[in-house]
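In what follows, a structure is listed as structure tokens, so that the remarks can point back to it.
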Amino acid sequence: MKVLLFRLLSILAIISSVSGKTECRLSSLPPWSHKVIAGGCSRAFAQAVLYPVDALRTLAQTRDGRTLADVGAGALVKGCGQTSSFALFTGAFQFGIYGLVQPKYGPLIASACGAAGSCLVSVPQEVLKQRLVTGVYKNFREAVQKIYSNEGVLGFYSAWKPTVSRNVPFVIATFSSRELLQRKILEFKERNEEKKGQLKLSPGDNLLIGISSALVAGLATQPIDVIKTRMMTQAASSAAPYKSAIDCASSVIRTEGWRKLYSGFGQRAVYMGGLWGITFCLEPALTSYLKRERGTQ
């Protein structure tokens, strides 16, 4: 986590310290890049802070029912800095693509494109994170080396189908809910305030919007999340591997009951609510900061 925070602070320091003599002046950056930088930094910070909660969610969804006592408390932060660094690019893809597509095609298509594009980074991140948490590998370096030597590049994209099937509807629901809630909150404020048309969403508003949007999306996609986790972590189990996502779902329902498809929902609700609450709270603030800095140069 220290490594990640150092990287985030370094990025912000570079952004705030650029001068007219450098070639990386903010004034030379296109407007869409603000969303890329702000989205990447806010997502990475949120994910690093909530990493232990997500680790508990992963354990709750494993096939053999692993607990913290089985893997040790160190599993809560194992690989945190390295895998959370991927979130810089995940957030950059999500918000950058969304910012480019949304004005022309609307939030539904924009969020779908952002989710699909970010899977290029988020799938390897999930594979590494979940195998580290469940104790398949001792550290990040060993995980990368063994996955590559045993499975090749495609090993980093194991269970990509259920991951994409979860991420796309989740992000669509989250960003679409965000747009709706933002509009409703502003309409409410305008009805109860004198300065109509001049109102803005506060950080508290954006935090609440992020939490609410994520909870709605999380409830709808929880079964897919369980299937994705099972397939990514089945190397940690001695049971026969699942043949496909459909085989995984049918096996869980047949042998463990349909309620098992909602295992880990409490942990995931805390994680996703916090993740998107912090992200939606920080991203607008960072975007506004970058725009102000660009305007002063």
Side-chain angles (χ1 to χ4, degrees), residues 11-12 15 18 24-47 87-122 164 166-191 193 195-214 216-217 220-221 272 275-297:
I11 291 172
L12 293 176
I15 292 172
V18 292
C24 297
R25 295 175 60 193
L26 286 176
S27 58
S28 66
L29 296 176
W32 58 262
S33 65
H34 301 156
K35 285 284 186 182
V36 172
I37 297 171
C41 290
S42 57
R43 173 63 185 261
F45 177 76
Q47 190 159 312
L88 279 167
F89 302 99
T90 300
F93 270 100
Q94 283 179 343
F95 284 91
I97 294 173
Y98 184 85
L100 282 173
V101 178
Q102 192 272 340
K104 188 173 183 179
Y105 296 102
L108 191 65
I109 294 178
S111 54
C113 292
S118 66
C119 283
L120 291 171
V121 181
S122 63
V164 173
R166 179 205 64 176
N167 283 4
V168 172
F170 181 91
V171 175
I172 288 175
T174 303
F175 276 81
S176 298
S177 298
R178 180 198 193 192
E179 292 277 341
L180 176 63
L181 290 172
Q182 284 178 334
R183 187 168 63 251
K184 292 298 182 181
I185 291 176
L186 287 174
E187 289 175 356
F188 175 79
K189 286 188 172 185
E190 287 186 350
R191 287 197 301 267
E193 298 286 346
K195 297 180 180 180
K196 293 187 177 182
Q198 300 180 18
L199 298 175
K200 294 182 179 180
L201 293 170
S202 68
D205 293 331
N206 286 318
L207 179 65
L208 180 61
I209 288 171
I211 294 173
S212 302
S213 300
V216 172
T221 60
M272 299 309 295
L275 177 73
W276 289 98
I278 294 173
T279 301
F280 281 172
C281 179
L282 289 179
E283 184 271 329
L286 289 174
T287 300
S288 297
Y289 168 77
L290 292 171
K291 287 181 178 178
R292 287 196 304 269
E293 289 297 305
R294 184 174 186 269
T296 59
Q297 292 180 3

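Bear in mind the structure is a predicted one, so any value in this text is a computation, not a measurement.
Relative orientation of the Phe170 and Trp276 rings is tilted, given thresholds of 30° and 60° on the angle between their planes.
Nearest approach of Glu283 to Ala38, heavy atoms of both residues: O-CB, 3.7 Å. Closest approach of Pro107 and Ser111 over heavy atoms only: O-OG, 2.7 Å. Residue Gly96 comes nearest to Val36 through the heavy atom pair CA-CG2, 3.7 Å, listed as atom of the first residue, atom of the second, then distance.
Within the 4.5 Å cutoff, side-chain heavy atoms of Leu181 are placed close to those of Ser212. The shortest distance between side-chain heavy atoms of Phe95 and Thr287 does not fall below 4.5 Å. With a 4.5 Å cut-off on side-chain heavy atoms, Phe280 and Thr174 count as touching. With contacts defined as side-chain heavy-atom distances shorter than 4.5 Å, the pair Asp205/Ser202 qualifies. In this structure, the side chains of Arg43 and Leu275 come closer than 4.5 Å at one or more pairs of heavy atoms.
Considering CG of Leu201 and CG of Leu208, their distance stands at 10.5 Å, rounded to 0.5 Å. Taking OG of Ser177 as the start and CD of Gln182 as the end, the distance is 11.0 Å to the nearest 0.5 Å. Note that the CG atom of Asn167 and the CD atom of Gln94 stand 7.5 Å from one another [nearest 0.5 Å]. To the nearest 0.5 Å, atom CD of residue Gln102 and atom CG of residue Leu108 are 11.0 Å apart. Between the CG atom in Asn206 and the CZ atom in Arg178 there is a gap of 6.5 Å [rounded to 0.5 Å]. Here the CD1 atom belonging to Ile37 is positioned 11.0 Å from the CG atom belonging to Leu88, to the nearest 0.5 angstrom.
Ser176 contributes no side-chain N or O that, together with a main-chain N or O of Ala173, makes up a donor-acceptor pair within less than 3.5 Å. Remark: the backbone N or O of Ala115 is paired with a side-chain donor or acceptor of Ser118 at under 3.5 angstrom.
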Check: Does the pair Val101 and Ile109 meet the rule for a side-chain contact (heavy atoms from CB on, under 4.5 Å), with working shown?
Finding: CA-CA 8 Å; Val101 178; Ile109 294 178; 4.2 Å; yes
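In Tyr98, the OH atom is crowded: over 12 heavy atoms of neighbouring residues, nucleotides or ligands sit closer than 6.0 Å.
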